[in-house]
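The structure displayed is predicted, hence computed values, not measured ones. Whatever order the structure lists ligands and atoms in, that order sets their numbers, starting from 1. In what follows, every heavy atom counts, from backbone to side chain, and hydrogens, waters and symmetry copies are set aside.
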Amino acid sequence: MVNFLIFGPPGSGKGTQSVRLAEKFNLVHLSTGDMLRAEITAGTDLGKKMSSIMATGELVPDEVVIEMIAAKIDKTKDSAGFLFDGFPRTVGQTIELEKMLGERGMKIDLMLVLDVEHDELVKRLIARAELSGRPDDKDTVVVENRISVYKSKTEPIINYCREKRLYQPVNGMGTIDDIFIRLSDHMKKFV
Ligand code: ADP
């Protein structure tokens, strides 16, 4: 089992790259953003509660995503490994994930962080809004808030992982194919 985290601010290309990487390396792609949106689409009570938080660009409570991830890990524990996308998003979630993996004889093997310039992020998210129909991409105030929540709540995980020698920055500027090759080159060393 090999487990990767893919990190980066909103618009950094995590989702796009994760789908391709999961296929290439035969990993289970776990995206908490996709799971939460599936709850909203299905009209569940949880989805109803979370949609108003997501619409502002704030994070949903740690317990909610931790529970979702734990359920998925147990359902798919026979895979080659996991690619965590958009999770963990706080240091608290990271500690919980380590605990969850540890209890199952697994660990985080590498944290890949996509570095993308701020103006490029905003440009990509606005372009994506046209296609995705995601309400949190349409509003520039919400987009800026998501980037700032990333900086204040999620980026501290980088230091946490750097100390454990898990941190691998990756240039997230350029074509989708170029970025895919850069990410794959780092992951190859682990599989
Ligand atoms: P992005 O494109 O901004 O990276 P995601 O699809 O990963 O978006 O997530 C969309 C929204 O879902 C976030 O802004 C947040 O409200 C919520 N969310 C997703 N994952 C998490 C998480 N691990 N912890 C808390 N909130 C989350």
Legend entry - Electrostatic pair Asp185-Arg182, nearest N-O below 4.0 angstrom: no
Inset, instruction - Output the list of atoms in ligand 1 that are nearer than 4.0 Å to some heavy atom of Gly86, sorted by atom number. - result: 20 (N), 21 (C), 22 (C), 23 (N)
Inset, instruction - Would you check whether Val60 has a nitrogen or oxygen atom less than 3.5 angstrom from a nitrogen or oxygen atom of ligand 1? - result: yes
Inset, instruction - Give a yes-or-no answer on whether the side chains of Asp62 and Thr90 include a donor-acceptor pair shorter than 3.5 Å. - result: yes
Inset, instruction - Identify whether the distance between the nearest side-chain nitrogen and carboxylate oxygen of Lys189 and Asp109 falls below 4.0 Å. - result: no
Legend entry - Where at least one partner belongs to residues 84-121, residue pairs that pass ring-ring contact (aromatic ring centres under 6.0 Å, His included), sequence neighbours excluded: Phe82-Phe84
Inset, instruction - Can you sort out which atoms of ligand 1 are near Lys14, meaning under 4.0 Å from one of its heavy atoms? - result: 4 (O)
Inset, instruction - List the closest protein heavy-atom neighbour of atom 11 (C) of ligand 1: residue, atom name, distance to the nearest 0.1 Å. - result: Met54 CE, 3.8 Å
Legend entry - Test item, Ile53 contacting ligand 1 (heavy atom, 4.0 angstrom): no
Inset, instruction - Would you please classify the geometry between the Phe190 ring and the Phe4 ring as parallel, tilted or perpendicular, with 30° and 60° separating the classes? - result: perpendicular
Inset, instruction - Determine, considering heavy atoms only, which of Arg89, Arg146, Lys153 sits nearest to atom 9 (O) of ligand 1. - result: Arg89
Legend entry - Arg37 touching ligand 1 at heavy-atom level, < 4.0 angstrom: yes
Legend entry - Spacing of Thr94 atom OG1 and Leu166 atom CG [to the nearest 0.5 Å]: 10.5 Å
Legend entry - Side chain, backbone, both or neither: Val65 near ligand 1, heavy atoms under 4.0 Å: side chain
Inset, instruction - Check the pair Asp137 / Arg128 against salt bridge (charged side-chain N to carboxylate O under 4.0 Å, His left out), numbers first and verdict last. - result: CA-CA 7 Å; Asp137 284 346; Arg128 181 170 86 181; 2.7 Å; yes
Inset, instruction - Using atom types as modelled and distance alone, determine if a side-chain donor or acceptor of Arg20 lies under 3.5 Å from a backbone N or O of Thr16. - result: no
Inset, instruction - Just need the protein heavy atom nearest to atom 16 (O) of ligand 1, so name the residue and atom and give the distance. - result: Glu58 O, 2.6 Å
Inset, instruction - Check each atom of ligand 1 against the heavy atoms of Gln93 and keep those under 4.0 Å away; list them by number with element. - result: 22 (C), 23 (N), 24 (N), 25 (C)
Inset, instruction - Write out the residue and atom name of the closest protein heavy atom to atom 20 (N) of ligand 1, then the distance separating them to 0.1 Å. - result: Thr32 OG1, 2.8 Å
Legend entry - For atom 2 (O) of ligand 1, closest protein heavy-atom neighbour: Arg128 NH2, 3.1 Å
Inset, instruction - Around atom 8 (O) of ligand 1, find the nearest protein heavy atom and jot down its residue, atom name and distance. - result: Arg134 NH2, 3.2 Å
Legend entry - Over all atoms of both residues, closest heavy-atom pair of Arg89 and Ile157: C-CD1, 3.6 Å
Inset, instruction - State whether Glu120 and Arg124 are salt-bridged, where the test is any N-O pair (Lys NZ or Arg NE/NH1/NH2 against Asp/Glu carboxylate O) under 4.0 Å. - result: yes
Inset, instruction - If you have a sec, work out which protein heavy atom is nearest atom 18 (N) of ligand 1 and how many Å separate them, to one decimal? - result: Leu36 CD1, 3.5 Å
Legend entry - Contact (N/O only, under 3.5 Å) between Leu59 and ligand 1: no
